[in-house]
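Heads up: the structure comes next, in structure tokens.
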Amino acid sequence: MTDSMTDTNAKLITAPTTAQQTGESVLRIDNLSVSFQQGNQRNQAVRNVSLELKKGETFALVGESGSGKSVTAMAILKLLPRTITRYDTGTVLFEGRNLLAASEPELRSIRGNRIGMIFQEPLTALNPLHTVEKQIGEVLRIHKGLDGKQARKRILELLTLVGIPEPETRLGSYPHQLSGGQRQRVMIAMALANDPDILIADEPTTALDVTIQKQVLNLLQELQGKLGMTILIITHDLGIVRRFAHRVAVMTKGEIVETNTTDALFRQPTHPYTQMLLAAEPKGLPVTVDPGNPTIMQVQSLRVWFPVRRGVFKQVVGHIKAVDDISFSLQQGSTLGVVGESGSGKTTLVQALLKLTGSTGSVNFENTDLVPLNNHQIRPLRRRMQIVFQDPFSSLSPRMSVEEIIREGLDIHHIGVAAEREQRVIDALREVGLDPAMRHRFPHEFSGGQRQRIAIARALVMEPALIVLDEPTSALDRSIQAQVIDLLRHLQQKHGFSYIFISHDLKVVKALAHQVIVLKNGKVVEQGTAEQVFHSPQNSYTKELLSSAFNL
């Protein structure tokens, strides 16, 4: 997107536009109930949901994971699995037709044509075997009968419309060759290919960095103004809702508990669940650190450069500088926040600090330089350094019980006898707020927040000096995020851990970090106390991140 477009969009996002609203109803859901049949068990996911979309408005459907938001959105076009889905009651009226009673040919003529949809994760929603041109072209061929030069011309128009630079160079690209923001723009281009009357956007920015989130939302709002679309946005991010939606419905446990204009709902929520959601923003301040505490990690001129080899003899012609000349110190009991967008070097930095990838420079941890150590030499120190990953479901073995997962590190390092290990597992579970009786269950039997507590217990049981937290709250709902942040603060206060907190969510970082470094393209562009970085940023990139996070 051009600078001028970005400036215009910055103004657009400050408040939802009302110029295109007519008050005319374009879609109405009445008394919708949806259940899933699994064997002899029937689970009702949506109960008696009613809502109305008006022409030109943005309507937000808000709630936490499992509330029924996506099921409601998918039910509009009957995209739920046919074999297990039961539409128990209700109607979905579009232009006088009940879509729940429509035939498959009727629905095909509406899906992607009159009602478009943007899915939550573009990498899984896009076909990995097809190019950008083929995927958008398929939509145009099926619904518009366009092929060849006509189709290519329209595809280039759409890619230009959604802000893909040099669109001709992207026609032959596959999804894995695009950034997260570019993939989401391609999804939007596909959804807009047939100029739909309604656009359903299911968590369209969840997987994106804050600046890319802002660009995508600005783009949707600009396109809505041009095309007069109605947008139904499904999200759990109340910051997006406040800046982007005209009206809001709040869902929990399959039911809509409150519907109102955005301004009225944020100013005076009436339902306790809505009040809880609005109060669930990360709060509080980092724990107090004794200035006399020793430094447990000192990093000097750390570099991770990957060689670029070309030619028959694979000669080195350059380097990808994933981490380039980074230095910092970490005090015992304090938290260092590492922020930056995808590709900034955050994950590679963590891998270098934990000796999981080769590096040059110095990483002095508890008076030992880790860089020159081999695998055998580093192993005894690993118990003092632990990590909690972003997605607890994929980081916990599905074949191991909770007790086995938490105890594994104790077994590997031969810490204590069997009875002592079991007691340490029990104590760790209690510390993270879980019932020790649950230790014989498996990860799939727990919620996302509970699984993250298990991951924290796995780190805690080793009694480390340093815990690396790699986006530990990004996969969680806001209210669960707040609980996990409170838990991390409590554990740090009690045990004196040092944290390295990796995140692109600056609100979470602000609630935990004492020091902050901002990364861009492998380099530190700003570094200082959290107070300095958040209140007096010096670098334009830092200012952009803060603007996107706090003024989205």
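Note that the numbering runs from 1 along the sequence shown for the chain. These values consider heavy atoms only, across backbone and side chains, with no hydrogens, waters or symmetry-generated copies.
Considering only heavy atoms from C-beta on, Leu506 comes within 4.5 Å of Val339 through its side chain. The closest side-chain heavy-atom distance from Leu232 to Leu199 is not below 4.5 Å. Between Leu219 and Val162 the shortest side-chain heavy-atom distance falls below 4.5 Å. Taking 4.5 Å as the limit, some side-chain heavy atom of Leu51 sits within range of a side-chain heavy atom of Leu53. Inter-residue side-chain proximity for Val518 and Asn539 is flagged as unmet; no heavy-atom pair is nearer than 4.5 Å. Under the 4.5 Å side-chain criterion, counting only non-hydrogen atoms from C-beta, Asp470 is in contact with Thr347. Put simply, the side chain of Gln184 does not reach to within 4.5 Å of the side chain of Phe119, judged on heavy atoms. Using a 4.5 Å cut-off on side-chain heavy atoms (C-beta onward), Met190 and Ile188 make no contact.
Judged by distance alone, the side chain of Arg451 and the main-chain N or O of Phe446 form a donor-acceptor pair under 3.5 Å. A donor-acceptor pair under 3.5 Å links the side-chain atoms of Lys283 to the main chain of Ala279, judged by distance alone. A donor-acceptor contact shorter than 3.5 Å links the side chain of His271 to the backbone of Tyr273. The backbone N or O of Thr473 lies less than 3.5 Å from a partner atom in the side chain of Gln481, making a donor-acceptor pair. A donor-acceptor pair under 3.5 Å is formed between the side chain of Gln275 and the backbone N or O of Pro269. In this structure, Thr262 contributes its side chain and His246 its backbone to a donor-acceptor pair below 3.5 Å. Side-chain N or O atoms of Lys346 include one that pairs as donor or acceptor with a backbone N or O of Gly340 at under 3.5 Å. Within the 3.5 Å criterion, the main-chain N or O of Pro472 finds a donor-acceptor partner in the side chain of Gln452. Distance alone, capped at 3.5 Å, is enough to place a donor-acceptor pair between the Lys69 side chain and the Gly63 backbone. Proximity of a side-chain donor or acceptor of Ser547 to a complementary backbone N or O of Lys543 within less than 3.5 Å is not detected.
Between the side chains of Gln135 and Asn127, no donor N or O sits under 3.5 Å from an acceptor N or O. One side chain, Glu52 or Ser25, offers a donor N or O that lies under 3.5 Å from an acceptor on the other. Asn98 and Thr91 share no side-chain donor-acceptor pair at under 3.5 Å. Looking at Glu64 and Thr252, their side chains never bring a donor and an acceptor atom within 3.5 Å of each other. Looking at Ser50 and Asn31, their side chains never bring a donor and an acceptor atom within 3.5 Å of each other.
The residues Arg154 and Asp195 are annotated as salt-bridged, a charged nitrogen and a carboxylate oxygen being separated by less than 4.0 angstrom. Ionic pairing of Asp147 and Arg141 is not present here: no N-O contact between side-chain nitrogen and carboxylate oxygen is shorter than 4.0 angstrom. A salt bridge links Glu104 and Arg82; the closest N-O separation between the charged side-chain nitrogens and carboxylate oxygens is under 4.0 Å. For the pair Lys54 and Glu24, the salt-bridge criterion is not met [side-chain N within less than 4.0 Å of a carboxylate O].
Summarising the geometry of Tyr87 relative to Val34, their closest heavy-atom pair is CD2-CG2, 4.0 Å, with the distance given to 0.1 Å. Across all non-hydrogen atoms, the minimal contact from Ile326 to Gly522 is CD1-O, 3.8 Å. Residues Gly337 and Val509 come closest through the heavy atom pair CA-CG1, 4.2 Å. Minimum interatomic distance between Pro537 and Leu546 (heavy atoms only, all atoms of both residues): CG-CD1, 3.6 Å. Here the shortest heavy-atom pairing between Glu106 and Ser109 reads O-OG, 2.6 Å. When every heavy atom of Ala280 is checked against every heavy atom of Ala482, the shortest pair comes out as O-CB, 3.7 Å.
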Using distance only, find each side-chain donor-acceptor pair of residues 170-178 under 3.5 Å and give its atom names and separation, not counting sequence neighbours.
| unit_1 | atom_1 | unit_2 | atom_2 | d |
| --- | --- | --- | --- | --- |
| Gln177 | OE1 | Tyr174 | N | 2.8 |

Should Arg111 and Leu79 be marked as a side chain to side chain contact (heavy atoms under 4.5 Å, CB included) after you check the CA-CA gap, both sets of side-chain angles, and the distance that decides it? CA-CA 9 Å; Arg111 292 176 186 145; Leu79 293 174; 3.7 Å; yes
Could you check Ile110 against Leu99 for side chain to side chain contact (heavy atoms under 4.5 Å, CB included), going step by step and ending with a plain yes or no? CA-CA 9 Å; Ile110 293 171; Leu99 298 185; 3.6 Å; yes
I'd like to know whether Glu138 forms a salt bridge (Lys or Arg N to Asp or Glu O under 4.0 Å) with Lys134, so could you lay out the CA-CA distance, the side-chain angles of the two residues, the decisive distance to 0.1 Å, and finally the verdict. CA-CA 6 Å; Glu138 185 178 23; Lys134 186 170 183 178; over 6 Å; no
Given side chain to side chain contact (heavy atoms under 4.5 Å, CB included), test Ile256 with Val250 step by step and report yes or no. CA-CA 6 Å; Ile256 290 180; Val250 180; over 6 Å; no
How far apart are the C-alpha atoms of Lys253 and Glu255, what are their side-chain angles, what is the distance that settles it, and do they pass the side chain to side chain contact (heavy atoms under 4.5 Å, CB included) test? CA-CA 6 Å; Lys253 298 178 181 177; Glu255 298 180 306; 5.5 Å; no
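Test Glu133, Glu157, Glu168 against Arg152 for salt bridge (charged side-chain N to carboxylate O under 4.0 Å, His left out) and you get one pass: Glu133.
Rounding to the nearest 0.5 Å gives a distance of 5.5 Å between CD of Gln44 and CZ of Arg47. Here Asp324 contributes atom CG and Leu349 contributes atom CG; the two are 12.0 Å apart, rounded to the nearest 0.5 Å. The distance from atom CD1 of Ile480 to atom CD of Gln450, rounded to the nearest 0.5 Å, is 8.5 Å. Atom CG of Leu129 sits about 12.0 Å away from atom CG of Leu126, to the nearest 0.5 Å. Taking CG from Leu146 and CD from Gln150, the interatomic distance works out to 5.5 Å, rounded to the nearest 0.5 Å. We find the CG-OH distance between Asn521 and Tyr541 to be 7.5 Å, quoted to the nearest 0.5 Å.
Residues passing the side chain to side chain donor-acceptor pair (under 3.5 Å) test with Asn194, sequence neighbours excluded: none.
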